[in-house]
Amino acid sequence: DAKTTQPPSMDCAEGRAANLPCNHSTISGNEYVYWYRQIHSQGPQYIIHGLKNNETNEMASLIITEDRKSSTLILPHATLRDTAVYYCIVRAAREETSGSRLTFGEGTQLTVNP
Amino acid sequence: DTEVTQTPKHLVMGMTNKKSLKCEQHMGHRAMYWYKQKAKKPPELMFVYSYEKLSINESVPSRFSPECPNSSLLNLHLHALQPEDSALYLCASSQDRQARKTQYFGPGTRLLVL
């Protein structure tokens, strides 16, 4: 799986958009970009994933650059409950190799301030 | 419903004890996973079951013994653990092992080995 690079920490004001970047410059054409978050001492929570196109759901938007070498997770109106570690993960599409794996990096600690 | 349940929530055991962790899902998922998460570190994959058969063992010591008695249930049997095995143990499930199928996590069992 391609390696990802995320800033170790970010701050955001409550009510503002939180934009979390992820670099995955070695991503290959069949690899998905997944985002999870983990609130302190809880299990990781799925947020969103994409392959090539931008995606939006009720939690967030995922913007993937045209060359797919980086992506940004956008939380449009951050709340205090969005304070968590956010993980950007690249997964190979081939089941028989590493498609099963979620290989977590160190993630970004997002702190939403009042 | 994307719920994965894990019991117990907390477990304290001695190095000579035998205990088991339980994970359950009723989403009809046919892939189930065990991850281990040490304090302040990201989760790391331990085992993958696909259609009740063990498909990936990430070189986990034999003192951890997984079992998948049916498609809804995943156990992790623990025996002769060491204090360094203290961690949060996370279970996850997905429809199957393909990368485009999202893994959903349970809340975890926090294990302390004395």
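First the proteins, then the strands, lettered A, B, ... as listed; each starts at 1. Any value given below was found using the heavy atoms of this structure, including those in side chains, with hydrogens, waters and symmetry copies removed.
Membership of the apolar cluster around B/L112 extends to B/V12, B/L114, as traced through chained side-chain contacts below 4.5 Å between ILVMFWY residues. Other residues sharing the hydrophobic cluster of A/I74, ordered by chain and number and joined by side-chain separations under 4.5 Å: A/I63.
Using a 4.5 Å cut-off between heavy atoms, A/Q38 contacts chain B through its side chain alone, with no backbone atom that close. Interface residue B/E58: only side-chain heavy atoms are found under 4.5 Å from chain A.
Taking 4.5 Å as the heavy-atom cut-off, none of the residues of residues 76-83 of chain B approach chain A. Contacts between residues 106-114 of chain A and chain B, counted as heavy-atom pairs separated by less than 4.5 Å, involve A/E106.
Your options are B/R110, B/E44, B/K41, and the one with the most heavy-atom pairs under 4.5 Å with chain A is B/R110.
Remark: the A/T56 side chain and the A/S61 side chain contain an N/O donor-acceptor pair separated by less than 3.5 Å. Between the side chains of B/Y33 and B/S94, a donor-acceptor pair is found at a separation under 3.5 Å. Counting only N and O atoms by type, the side chains of B/E24 and B/Q6 include no donor and acceptor under 3.5 Å apart.
By the neighbour-count criterion of 12 heavy atoms within 6.0 Å, atom CZ of A/R16 is sparsely surrounded, having that number or fewer from other residues, nucleotides or ligands.
The cationic atom of A/R91 (NZ for Lys, CZ for Arg) lies less than 6.0 Å from the six-membered ring centre of A/Y34 and within 45° of the ring axis.
The minimum heavy-atom distance between B/Q103 and B/Y35, with the atom names listed, is OE1-OH, 2.8 Å.
Under the 3.5 Å distance criterion, the side-chain polar atoms of B/Q37 are left unmatched by any main-chain donor or acceptor of A/G43.
Residue A/L102 is tested with A/Y87, A/Y46, A/Y36 for a side-chain contact (heavy atoms from CB on, under 4.5 Å); the sole match is A/Y36.
Between the SG atom in B/C68 and the CZ atom in B/R30 there is a gap of 8.5 Å [rounded to 0.5 Å].
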